[in-house]
Amino acid sequence: MYNVPNLGFVWQNFDAIVAGIVRSIERAHSAVTDGRILVNSGQLLDTNINRSPTAYENNPRAERDRYGANTDTTMTLLKLVTTSGQPLGAVAWFPVHCTSMNNTNHLISGDNKGYASMRFEQDINGGTLVGKGPFVALFPNSNEGDVSPNTKGPRCVDTGLPCDAVTSTCNGNVEKCIAFGPGSDMFESTRIIGDRQYRFAKDLYDKASQEVSGPIEYVHQTINMENVTITLPDNTTGKTCKAAMGVSFAAGTTDGPGYFPFKQGDTTNRLWRKYKSRVKNATRELLSCQHPKPVLLPTGDLKWPYPWQPSILPTQILRIGHVLVASVPAELTTMSGRRLRDAVKSAYEMNSQQNISVVPIISGLSNTYSSYVTTFEEYQIQRYEGASTVYGPYTLDAYLQQYRLLASRLAAGTHNQLPSGPSEPNYLNKQISLVPGVLFDCSPGGKKFGDCITEPNGEYTIGSRVKVSFISGNPRNSVRDESTFLAVERFDSNTNKWTLVATDANWETRFLWQKVGFPLFSCHSIATIIWDIPDDTTPGVYRIRHFGDYKDWTMTVYTYYGSTKQFRVSAYHH
Ligand SMILES: *[C@@H]1O[C@H](CO)[C@@H](O)[C@H](O)[C@H]1NC(C)=O
Ligand SMILES: *[C@@H]1O[C@H](CO)[C@@H](O)[C@H](O)[C@H]1NC(C)=O
Ligand SMILES: *[C@@H]1O[C@H](CO)[C@@H](O)[C@H](O)[C@H]1NC(C)=O
Ligand SMILES: *[C@@H]1O[C@H](CO)[C@@H](O)[C@H](O)[C@H]1NC(C)=O
Ligand SMILES: *[C@@H]1O[C@H](CO)[C@@H](O)[C@H](O)[C@H]1NC(C)=O
């Protein structure tokens, strides 16, 4: 299901991610050294808002009263240093969606978390290029299911008025209700939300004093999430259901609206009646299990070419001394995450021989993906997150039961006797890819790949924008991992050599690629490179280079490069 809007699976993307992960593990492994871990946490305000507050409000008042806000504001940080105190890395969990860049963005971006990571690493690594220094800063997500970075909140884009709170619509239309901020456009918003996470994490890092000590252990078990029976606190039982997505899933969120006539908070069967026959009808049994969710897609019954959503889920807790990281294969809402952390903490502490106070952390979206998890009460409201809670109203209770089991076994030291659970299927050889490959590239008469066709001005001042363009090949001929599509270089008159100043990984550069002519059939394309000259730039002589690969009509791929003329960057306006 997740691959449908992308026109299927993209091997090149998958391979690049796998290669990057494997390389990271190899490098970490070959750099293993003795060191210390410290933990710190604090409250980071003004960096997230709840995007489904009407669902949150349905949680019991007594429970809501325990918390100051309808999102979690705690950032928890692990600081890793060598025995002699040299920085190694940091991991900072904070719940907020990576949707500062909205769904009109076509640039590859790490969003607010990527920005935070880049700034923190640059801060410690000094002058090294982005991603190349020894210090590593990670910004994993947590219980961000109902948490948006667009802190000005949603409004109607046509009238500027507030949206309808329950359905997130403007005059009945979900497409016009969009959340913005805190910046004036999505680039500025990404930078601000990323910057706040970076600065706060750096402060926690600098002030961390609580040492983490004790063993490193883990417990892992897969479960069939479509078939869990839960004993509830009042001794009645609940059951999870076969996977299904509700009608409000198609409405999207205020971070990325879906389609009219769908709206959030829909528990009626009106639209379901209209759309149900398109793919497959939900059975009576499924509807009653999933109640009050009007089922749009009975994904648990859709098995071609392989199941549309997973049923076998990996569950896991990683223990680092008194820190417990619960890896959860879904996006938990704020209150779901609070309940899960409480369950892990109390199950562990009750079953431990030691008098120990553990720090529970949720690492969201881990190991596989199975959409969202709301509380039973939030589920009744059927906002986007409730409609995307795929295993029914008791999904969270099934997680609580499972993670209590994991935590208690880990605490009692009996986790190695836990059965590993049903094996997870591997559907890699059943993937369908509908995105066409690169046919071939061509350059217009008299021009070569890499020729600069829009040259820079002779001179720029710091703070201004350089925009140049080149005849290019399709960037999909090579993702240029470990490398770059562009280089900003400064001439060093002492050595008579060009020094690399920025690559395509830098925030201040953008690499835009566009076909010329009718997109599907044209072989001619242009790469535009933007460099927003940062305040800390050394005045001097610069040039911008473009690196790429083109495919000729014999399907052979060749590397090319090109350069602009040199230009001057000066500090002051004349
Ligand atoms: C995305 O952000 C841009 C500003 O950067 C804004 O013009 C546009 O309306 C936004 N679109 C959506 C769908 O959020
Ligand atoms: C569901 O779980 C029960 C035990 O809780 C088991 O007897 C049954 O076979 C399971 N069904 C499926 C389809 O896995
Ligand atoms: C649930 O059952 C257990 C034992 O089976 C009992 O100790 C407990 O009091 C019961 N709880 C409720 C709310 O009835
Ligand atoms: C779903 O049910 C409707 C009747 O309610 C029927 O007309 C339609 O053919 C069914 N669709 C499928 C895919 O079975
Ligand atoms: C457990 O540890 C806490 C804090 O270290 C202490 O206040 C408490 O008395 C201890 N409890 C027992 C039963 O040892």
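One-based numbering, in listed order, for ligands and for the atoms of each. Since the model is a prediction, treat every value here as computed from it, not as a measurement.
- Listed by atom number, the atoms of ligand 3 under 4.0 Å from Pro233 heavy atoms are 13 (C).
- Protein heavy atoms are found inside the 4.0 Å sphere centred on atom 12 (C) of ligand 2.
- For atom 2 (O) of ligand 2, the nearest protein heavy atom lies under 4.0 Å away.
- Note: an N/O pair closer than 3.5 Å links Asn227 and ligand 2 by distance alone.
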(request) List the steps, then state whether ring-ring contact (aromatic ring centres under 6.0 Å, His included) holds for Tyr205 with Phe135. (result) CA-CA 13 Å; Tyr205 181 92; Phe135 181 84; 5.7 Å; yes
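- Under a 4.0 Å N-O distance rule, the pair Glu377/Arg339 qualifies as a salt bridge.
- The nearest non-hydrogen atom to atom 8 (C) of ligand 3, considering only Asn235, Asp234, Leu232, comes from Asn235.
- In terms of protein heavy-atom proximity, atom 5 (O) of ligand 5 is nearest to Asn355 ND2, 4.7 Å.
- If you run side-chain contact (heavy atoms from CB on, under 4.5 Å) between Leu318 and each of Val325, Val323, Leu324, Val219, only Val325 comes through.
- Not less than 6.0 angstrom separates the ring centroid of Phe9 from the ring centroid of Tyr427.
- At a threshold of 4.0 Å, the pair Asp206-Lys202 counts as salt-bridged, since one of the basic side-chain nitrogens sits closer than that to a carboxylate oxygen.
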